[in-house]
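Working notes for the structure below.
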Amino acid sequence: MADVPTSAFSTAPAPQPPANDRNRFVQADISPADATAVARLAAGGGSDGSGSDVAATYMLNSDAAERKRLHIQHVIFRSVLGGIFHTPQRALLQGSEGGERARVLDVGCGPGHWLADMAKAFPKADFVGVDIATYDHKDLPSNLTFKTEDVSNGISYPDNSFDLVHQRNLMFGYKAEQWPAVIRELIRVTKPGGYIQMVEMSAWQYHYENNWTNKAKPLSSGPYYKIMSEAEKLKDYLAEAGVQDITEKIGSLPLGWNGPIGNLFAADFRNLFSISYFQQAMGTTPEEHARLVDEAFKQAADERVYVNIFNAIGKVAK
């Protein structure tokens, strides 16, 4: 067995966080609806109040705990980024521009919470979700459909099929070397003049006072780590692929401090790090891994650690 690490965090020096990070913590400016959702989920409730009732298995796990974790994660991201839709296409999705109904694709859609929120908000647009897992969906809006496919092998839809293509939290969905081809495929199925929105969470974790000397590296090796450590470069990946008018929105999440959303995020992270993949990657026994997770999250709360979420948006050239 490999030596047991003394901490879940490696000792590699972390880069300095952006200077304005400390202004991004979500607390007072969280919407009333999301504040209620966060409180309900933190207390163990099963609904976020969004109207989403989509149950599914998921590629990391297929049990109810993982489905709930993804539900919590959706509410967290929605809160921290100030919503789930950030491209300048509201009039198009509302159908106020006339012409054909707008079409939206969510790649690696998971249980479908993003799609359910979008389909409810924009009933005059059509939404499609694709994922490697098979889902048992209930009470879907009439403008929302799902398809099972392995998008790492390409997307089955023709060129120029969608006005908006969304992808979120697929850090474990692809190997690092697959990402350039993934972005080319997103571009291929987007209509000229349409938009791509990509959201990923960085593996870097920072101390609030900018003096924490460790880099959080929960997965110290393996094919998926690169994109976790380079979420900051999503906008660069898009630019290198020829996407235009690129913008970036960053949200900072406290890990186990700063109120309900910080506690909820810590619970989300804890559940993720408890899966067997991380234990096997670190070479620990279940008991040793549980101890490391406990120590890591106590340290994160005590030292006011936070994580950045990167939301990159770009327009496909006409």
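None of these values were measured; they are calculated from a predicted model.
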Okay, side chain of N143, backbone of A119: is any donor-acceptor separation there less than 3.5 Å? yes

Can you confirm whether V104 sits close enough to V128 that some side-chain heavy atom of one is under 4.5 Å from a side-chain heavy atom of the other? no

What distance separates E248 CD from L238 CG, expressed to the nearest 0.5 Å? 10.0 Å

Under the salt bridge (charged side-chain N to carboxylate O under 4.0 Å, His left out) rule, what pairs show up with a residue in residues 250-267, not counting sequence neighbours? none

Do you know which two heavy atoms are closest between G251 and L81, and how far apart they sit? N-CD2, 3.9 Å

Determine which pairs satisfy ring pair (Phe, Tyr, Trp, His ring centres under 6.0 Å) with at least one residue from residues 78-111, sequence neighbours left out, and list them in order. F85-F122

Which atom names give the shortest non-hydrogen contact between K315 and G193, and what distance separates them? CE-O, 3.7 Å

Going by the rule side chain to side chain contact (heavy atoms under 4.5 Å, CB included), which residues pair with P192 if we only count those two or more places apart in sequence or in a different chain? N160, K318

Are I84 and H166 close enough, and set up right, to give a side chain to side chain contact (heavy atoms under 4.5 Å, CB included), and what steps lead you there? CA-CA 10 Å; I84 58 174; H166 174 265; over 6 Å; no

Between S96 and A91 (side chain of the first, backbone of the second, donor and acceptor by atom type, cut-off under 3.5 Å), is there such a pair? yes

Please work out whether the ring planes of H71 and H113 are parallel, tilted or perpendicular, with thresholds of 30° and 60°. parallel

Would you mind reporting whether L105 and V189 have side-chain heavy atoms less than 4.5 Å apart? yes

Using a 3.5 Å distance criterion without hydrogens, assess whether the side chain of W257 forms a donor-acceptor pair with backbone atoms of V305. yes

Check L164 against W114 and note the closest heavy-atom contact, atom names and distance. CD2-CH2, 4.4 Å

All heavy atoms of Y195 vs all of P88, minimum pair found to be OH-CG, 3.3 Å

So I250 and I309, do their side chains get closer than 4.5 Å, heavy atoms only? no

For residues 240-247, run the donor-acceptor check on the side chains, cut-off 3.5 Å, and write out each pair with its distance to 0.1 Å, sequence neighbours left out.
none

Among side-chain atoms of E149 and S156, is any donor-acceptor pair under 3.5 angstrom? yes

Looking at residues at least two apart in the chain, or sitting in another chain, which of them share a side-chain hydrogen bond (donor to acceptor under 3.5 Å, both in side chains) with Q94? none

Under a 4.5 Å cut-off applied to non-hydrogen side-chain atoms, are V80 and F265 in contact? no

Identify the two heavy atoms, one from S252 and one from P254, that lie closest to each other, and give their separation to 0.1 Å. O-CD, 3.8 Å

Report yes if the side chains of F77 and N169 come closer than 4.5 Å at any heavy-atom pair, otherwise no. yes

Side-chain donor-acceptor contact under 3.5 Å, R168 with H74: yes

Is the backbone N or O of C109 less than 3.5 Å from a side-chain atom of Q167, with the two atoms forming a donor-acceptor pair by type? no

Kindly indicate, with the supporting measurements, whether the criterion side chain to side chain contact (heavy atoms under 4.5 Å, CB included) is fulfilled by L255 and Y306. CA-CA 5 Å; L255 190 54; Y306 63 94; 5.9 Å; no

Work out which heavy atom in D131 is nearest to a heavy atom in G110; give both atom names and the distance. OD2-N, 2.9 Å

Might you work through the side chain to side chain contact (heavy atoms under 4.5 Å, CB included) test for F146 and L140, ending with a clear yes or no? CA-CA 10 Å; F146 290 90; L140 293 179; 3.7 Å; yes

If the condition is side-chain hydrogen bond (donor to acceptor under 3.5 Å, both in side chains), which residues does S161 pass it with, not counting sequence neighbours? none

Residues forming a salt bridge (Lys or Arg N to Asp or Glu O under 4.0 Å) with K298, sequence neighbours excluded: D302

What do the steps show when you test E200 against L170 for side chain to side chain contact (heavy atoms under 4.5 Å, CB included), and what is the final call? CA-CA 7 Å; E200 292 291 341; L170 283 190; 4.0 Å; yes

Check whether any side-chain heavy atom of I196 sits under 4.5 Å from a side-chain heavy atom of V316, and report yes or no. yes

With sequence neighbours left out, write down each residue that passes side chain to side chain contact (heavy atoms under 4.5 Å, CB included) with D294, or none if nothing qualifies. R270

Side chain to side chain, V151 and I132, heavy atoms closer than 4.5 Å: no

By ring-ring contact (aromatic ring centres under 6.0 Å, His included) - contacts of F162 (at least two apart): Y157

Could I get the full list of side chain to side chain contact (heavy atoms under 4.5 Å, CB included) partners for E185, not counting sequence neighbours? I155, R188

List in chain and number order the residues that pass side chain to side chain contact (heavy atoms under 4.5 Å, CB included) with A102, two or more places apart in sequence or in another chain; answer none if no residue qualifies. L92, L93, A125, D163

Checking D126 now: which residues fulfil side-chain hydrogen bond (donor to acceptor under 3.5 Å, both in side chains) with it, not counting sequence neighbours? R101

Is the closest side-chain heavy-atom distance between V130 and D106 below 4.5 Å? no

Got a second to check how far I187's CD1 is from T190's OG1, nearest 0.5 Å? 7.5 Å

